[in-house]
Trainee: 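Dumping the structure here so I can ask a few things about it.
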Amino acid sequence: MNITVIGAGYVGLVAACCLADSGNRVVCVEADDDKLALLGQGKAPIREEGIDQMLDRCLQKGSLSFQQRIPRPVASELAVVAVGTPSLPDGATDLSSIHQVVRGLRDSTDGKLTLLMKSTVPPGTGLRLMRRYLDGTDISYVSNPEFLREGQAVKDWYHPSRIVIGTNDAEAGDMVSGLYEGIDAPKLVTSITSAETIKYAANAFLATKISFINEIANLCEAVGARVDDVSRGIGLDPRIGPDFLNAGLGYGGSCFPKDTRALNLSALSNGYDFRLLKSTIEVNGKQAIMAVRKMNSLLNGLDGRDIALLGLSFKPDTDDIRESPALNIASLLCEHDVKLRVYDPVAMANARQLLPEEVIMAPDLYTATEGAQGVILATEWSEFFKADWARIRKSMSAPCVILDGRNALSQEKIEALGFRYAGTGR
Ligand code: NAD
């Protein structure tokens, strides 16, 4: 099939490479000059396991090419929209790129086209886009929300938990279904608005699970229980399940924060007050503040202290720093007279642009922690588990505090080395 993919970010580039690698001819449209220049040199602008090799293979084969604007005419049967839908300052979804792209596709298409919406758009958006731009055209609209996880996006493309196809056009639905031929996953065909709602409901549910366990962790600290045991104890119940029950600094990233805010506003604008979701968002916002308060109390005040922050990406195995709790912590610490050194295995360049100027970017873990009185572990990179903590302990200054924001280290081992350890709900 000839396919146009619009947007070469985490979702679009993975889709473009996987589709081109599976025998399709793909033109990927990317508006950003810098990303386009990198792609032109065969370099992926994102860090994702397996993507560089796939990109290289598809470019060699000639099954994938990049350009800055939607081709005129769009010489493909299918257009996959994967542009960003970030938050506006009030939490609503910025759909400006979506409108621009749907308008652009309409204006560049003479014949038949199926528009597949992979970007996450609030419930009701698809129907509104169809009414506004596609009435009277031969363009069919299909909502096909993406559930990939950054860090394992390529694997998730080939082994998704489910494929959701929202459409009111059976022929277009069949075409999208054919796109995933050979992929073994349950397929769910729904209305467009239900498909859009499934995406938000999934993210809202997972975010709520995280906020729930964080509330339980805070309760554990109050009553003297250990959240690790509580998580395991409830997660063994198959109705609950063990995933997303790690207490810590809360969720971040490009999806959960913006999607929970957007769903909350979408509910309100449709006359529904989604109180549970509001609490999920509120609880999540508190976790970074509580971590800084905890460090303040462990160090007997933050002013004049030397602190290391380990991990900047919102989760391990990605360079994505969007809405990472680590960045909130850095900003909160910088409100005090703190000497702050940070280190992340891959997200340093991305983070530099968003961190306060006074933050020192350390070249490695050992330089970041040398002389520090306190360390905050904000992202559970495997490099940190394998670190020589005895060496770190020797190079730090009293009182050698470790605030394990992800409950990722062994408290017993860390305490045995002479650190003062604090986790969440431990
Ligand atoms: P991203 O910001 O990494 O990538 C979007 C890309 O689109 C950018 O490179 C941007 O330059 C490009 N772009 C914007 N407007 C354009 C235009 N008019 N023409 C061509 N290119 C344009 O975003 P992402 O993380 O890939 O997310 C894309 C969508 O998928 C969002 O709606 C997001 O919510 C959703 N989503 C993301 C993930 C994830 O884990 N990142 C998972 C599921 C769904």
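Order of listing sets the numbers, starting from 1, for every ligand and every atom in it.
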Trainee: Is the Trp157-Tyr180 ring centre distance short of 6.0 angstrom?
Mentor: yes
Trainee: Regarding Tyr10 and Glu146, is there a side-chain donor-to-acceptor distance under 3.5 Å anywhere?
Mentor: no
Trainee: Is it the case that the side chain of Arg341 and the backbone of Met361 share a donor-acceptor pair, with hydrogens and angles ignored and the cut-off at 3.5 Å?
Mentor: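 Not at all, since once roles are kept as given, no pair shorter than 3.5 Å links the two residues.
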Trainee: Between the protein and ligand 1, are there any N or O atom pairs that come within less than 3.5 Å of each other, and if so, what are their names and distances?
Mentor:
| unit_1 | atom_1 | unit_2 | atom_2 | d |
| --- | --- | --- | --- | --- |
| ligand 1 | 2 (O) | Arg322 | NH1 | 3.3 |
| ligand 1 | 3 (O) | Tyr10 | N | 3.3 |
| ligand 1 | 9 (O) | Glu30 | OE1 | 2.7 |
| ligand 1 | 9 (O) | Glu30 | OE2 | 3.1 |
| ligand 1 | 9 (O) | Lys35 | NZ | 2.7 |
| ligand 1 | 11 (O) | Glu30 | OE2 | 2.5 |
| ligand 1 | 21 (N) | Ala31 | N | 3.2 |
| ligand 1 | 25 (O) | Arg322 | NH2 | 3.1 |
| ligand 1 | 26 (O) | Tyr10 | N | 3.0 |
| ligand 1 | 26 (O) | Val11 | N | 2.8 |
| ligand 1 | 32 (O) | Thr85 | OG1 | 2.5 |
| ligand 1 | 32 (O) | Thr120 | N | 2.9 |
| ligand 1 | 34 (O) | Thr120 | OG1 | 3.4 |
| ligand 1 | 34 (O) | Lys258 | NZ | 2.6 |
| ligand 1 | 40 (O) | Glu150 | OE2 | 3.3 |
| ligand 1 | 41 (N) | Glu150 | OE2 | 2.7 |
| ligand 1 | 41 (N) | Ser254 | OG | 3.3 |

Trainee: Okay, side chain of Glu150, backbone of Thr318: is any donor-acceptor separation there less than 3.5 Å?
Mentor: no
Trainee: If you round to the nearest 0.5 Å, how far is OG of Ser108 from CZ of Arg103?
Mentor: 11.5 Å
Trainee: With Leu105, which of Asp107, Val102, Val101 fulfils side chain to side chain contact (heavy atoms under 4.5 Å, CB included)?
Mentor: Val101
